[in-house]
**Q** 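The structure that follows is given in the form of structure tokens.
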Protein chains: 2
Amino acid sequence: MSVGMSLLAILEDGPSYGLQLKNDFEQRTGGIWPLNVGQVYTTLQRLQRDGLVEAESSNAAESQKIYGITDQGRQRLSDWFREPAADGPPAREGLVLKLVMVTRRNRDDAVGVIQTERRGAVQLLQEYTRLKRETPSDGDLGWLFLLDSLIFTTEARVRWLDSCESRIAASGDTAPQRRPVEPATHAFEHEEVPS
Amino acid sequence: MSVGMSLLAILEDGPSYGLQLKNDFEQRTGGIWPLNVGQVYTTLQRLQRDGLVEAESSNAAESQKIYGITDQGRQRLSDWFREPAADGPPAREGLVLKLVMVTRRNRDDAVGVIQTERRGAVQLLQEYTRLKRETPSDGDLGWLFLLDSLIFTTEARVRWLDSCESRIAASGDTAPQRRPVEPATHAFEHEEVPS
DNA sequence: CCTCCTCTGTATACCGAGTATAGAGAGCCT
DNA sequence: AGGCTCTCTATACTCGGTATACAGAGGAGG
């Protein structure tokens with residue numbers, strides 16, 4: 001739950017409340033990662049349930065609930081920073097999945113997908129580099145990290161798409177692979193289904 | 001819903017049922033992306049609700065429900081292949097979030113996070129390149145795409161981590177950074193907030 | 001035969017991430 | 001006063017993901 005941990009990290013700088021946490025979160029990520037307000041409240045409830053956060057009385061306005069981090073919360077946050085991020089299988093990625101699926105179906109469609117995505121990625125890349133150009137290189141470290149991350153992964157995506165396209169080009173001449181789409185298949189195809 | 005669309009893509013090859021769909025999915029992704037069975041059934045229910053899939057009578061065993069793609073499902077699948085994948089803000093990434101948060105808190109901890117993650121990423125990279133070495137370069141295109149994607153993004157992650165570390169090294173000497181905690185941004189309310 | 005065990009297959013409960021929206025209260029303006 | 005906007009909290013809902021319950025079929029062995 002990286003959102004919850006991020007809220008904990010913000011709360012470590014002092015007690016706060018829902019909307020303020022949302023704003024702080026978005027400020028720290030330069031507005032690149034907007035955070036839905038509703039998610040803040042549900043996440044706070046979960047953090048409170050787990051004892052990582054406690055509600056403090058807001059004497060002035062009833063409409064504000066101030067939350068503060070607990071000692072257990074500080075401990076949990078420390079653990080989060082210490083433990084490695086990825087342990088299970090790598091996260092599924094929509095575009096990769098799409099390309100895997102479309103390639104088996106029709107290689108021409110795959111080339112279309114690649115070209116569409118490449119255009120989008122290059123455009124994003126230009127946007128990110130523009131943002132970076134406007135940022136002093138001694139600016140906020142977190143913001144620079146985030147920008148660099150976006151740039152590196154988007155660059156990698158472009159190069160990956162190029163490699164996919166050339167792979168298709170290299171193999172397309174030799175291997176036909178897929179039937180030309182027919183409706184009304186399954187009537188007769190039933191025998192092979194195990195029963 | 002890329003999982004649902006992937007199931008649709010599999011169903012385009014002919015009717016099938018829950019467990020078989022899980023197995024086909026994992027076979028197409030070379031076992032890199034295991035798919036929980038439960039998710040298959042709930043996703044099938046959603047697809048059926050939306051009319052993209054229909055339950056066919058399972059003649060032999062009652063314990064098997066055979067699903068087939070509908071014309072509407074084929075249309076939806078075509079649309080999925082045609083439409084660009086990413087339109088909203090880029091997906092939040094746990095590691096980037098962690099690094100952004102930890103950097104603001106303590107740069108030494110940030111270096112620790114970077115080094116831990118770098119070790120893990122390099123190890124993954126070795127694993128992926130080993131898998132690639134064992135794959136003939138004219139093998140299944142989808143599998144090669146998937147493998148390349150993992151390699152490209154993991155490489156990018158390593159280079160990103162290196163760049164983060166050198167940024168910290170470059171700026172660490174000059175700039176103190178921890179803000180001395182200022183709540184009270186907000187008009188009148190919490191002059192009572194304990195800090 | 002009957003029991004136990006395993007394998008296959010389906011289904012549900014639950015959690016977290018994420019979105020949309022309802023609705024209360026305060027301040028302001030005319 | 002009425003009405004508007006802004007702030008703030010809260011809930012309902014969807015989807016991705018995991019674990020687990022549950023039912024049936026078939027085999028092994030007493």
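Order of the sequence lines sets the chain letters (A, B, ...), proteins ahead of strands, with each chain counted from 1.
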**Q** Starting at CD of A:Q48 and ending at P of C:dC15, how long is that distance when rounded to a whole Å?
**A**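 Rounded to the whole Å, the gap is 16 Å.
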**Q** Does a sphere of radius 6.0 Å around CD in A:Q123 hold more than 12 heavy atoms from other residues, nucleotides or ligands, not counting ones at 6.0 Å or beyond?
**A**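 Atom CD in A:Q123 is not crowded, with 12 or fewer foreign heavy atoms closer than 6.0 Å.
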**Q** Show me the donor-acceptor pairs, under 3.5 Å and distance only, between side chains in residues 138-145 of chain A and residues at least two apart or in other chains.
**A**
residue	atom	partner	partner atom	Å
A:D140	OD2	A:G142	N	3.3
A:D140	OD2	A:W143	N	2.8
A:W143	NE1	A:T135	OG1	3.1

**Q** Just jot down the side-chain contact (heavy atoms from CB on, under 4.5 Å) partners of B:V102, sequence neighbours excluded, or say none.
**A**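 With neighbours one apart ignored, the set is A:F81, B:L99, B:D109, B:A110, B:V113.
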**Q** Could you run down the sub-3.5 Å N/O contacts of the protein with nucleotides 10-14 of chain D?
**A**
residue	atom	partner	partner atom	Å
D:dA10	OP1	A:K65	NZ	2.6

**Q** Tell me: CG of A:L35 to C1' of C:dG16, nearest whole Å?
**A**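 In whole Å, C:dG16 C1' lies 13 Å from A:L35 CG.
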**Q** Let me know, please, whether B:T43 or A:L19 comes out on the 5' side of the other along DNA chain D by nearest nucleotide.
**A**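 That would be A:L19.
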**Q** If we fit an axis to the first five pairs and another to the last five of the helix from C:dC1-D:dG30 to C:dT30-D:dA1, what angle do they make, to the nearest 10°?
**A**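 Between the first-five-pair axis and the last-five-pair axis there is 30°.
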**Q** Would you call A:D162-A:R159 a salt bridge at under 4.0 Å N-O?
**A**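 Result for this pair is no, no salt bridge flagged.
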**Q** If only side-chain N and O atoms of B:Y17 are considered, is one of them under 4.0 Å from the OP1 or OP2 phosphate oxygen of C:dT10?
**A**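 Looking at the OP1 and OP2 atoms of C:dT10, neither is under 4.0 Å from any side-chain N or O of B:Y17.
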**Q** Give the rounded distance in Å between these two atoms: CG of B:N23 and C1' of C:dG9.
**A**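 From B:N23 CG to C:dG9 C1': 11 Å.
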**Q** May I ask you to decide whether A:D24 forms a salt bridge with B:R104, counting only side-chain N to carboxylate O separations under 4.0 Å?
**A**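 Answer for the salt bridge query: no.
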**Q** Just how far, in rounded Å, is C1' of C:dG16 from CH2 of A:W80?
**A**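 Taking atom C1' of C:dG16 as the reference, CH2 of A:W80 is at 15 Å.
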**Q** In a table with atom names and distances, give each donor-acceptor pair under 3.5 Å that connects a side chain of residues 35-49 of chain A to protein atoms at least two apart or in another chain.
**A**
residue	atom	partner	partner atom	Å
A:N36	OD1	A:G38	N	2.8
A:T42	OG1	A:G38	O	3.3
A:T42	OG1	A:Q39	O	3.1
A:T43	OG1	A:Q39	O	2.6

**Q** For B:V111, give me all partners under side-chain contact (heavy atoms from CB on, under 4.5 Å), at least two apart in sequence or on another chain.
**A**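 Here the qualifying residues are B:Q115, B:E165, B:I168.
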**Q** For the pair made of CZ in A:R92 and C1' in D:dC15, what is the distance, rounded to whole Å?
**A**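 That distance rounds to 12 Å.
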**Q** Going by heavy atoms in the side chains, are B:E12 and A:R105 under 4.5 Å from each other?
**A**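 With C-beta onward as the side chain, the pair touches.
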**Q** Please test B:K98 against A:E83 for salt bridge (Lys or Arg N to Asp or Glu O under 4.0 Å), starting from the C-alpha separation and ending with a verdict.
**A** CA-CA 11 Å; B:K98 184 190 287 194; A:E83 73 204 10; 5.4 Å; no
**Q** Whole angstroms only, please: what is the CD1-P distance between A:I66 and D:dT7?
**A**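 Between P of D:dT7 and CD1 of A:I66: 17 Å.
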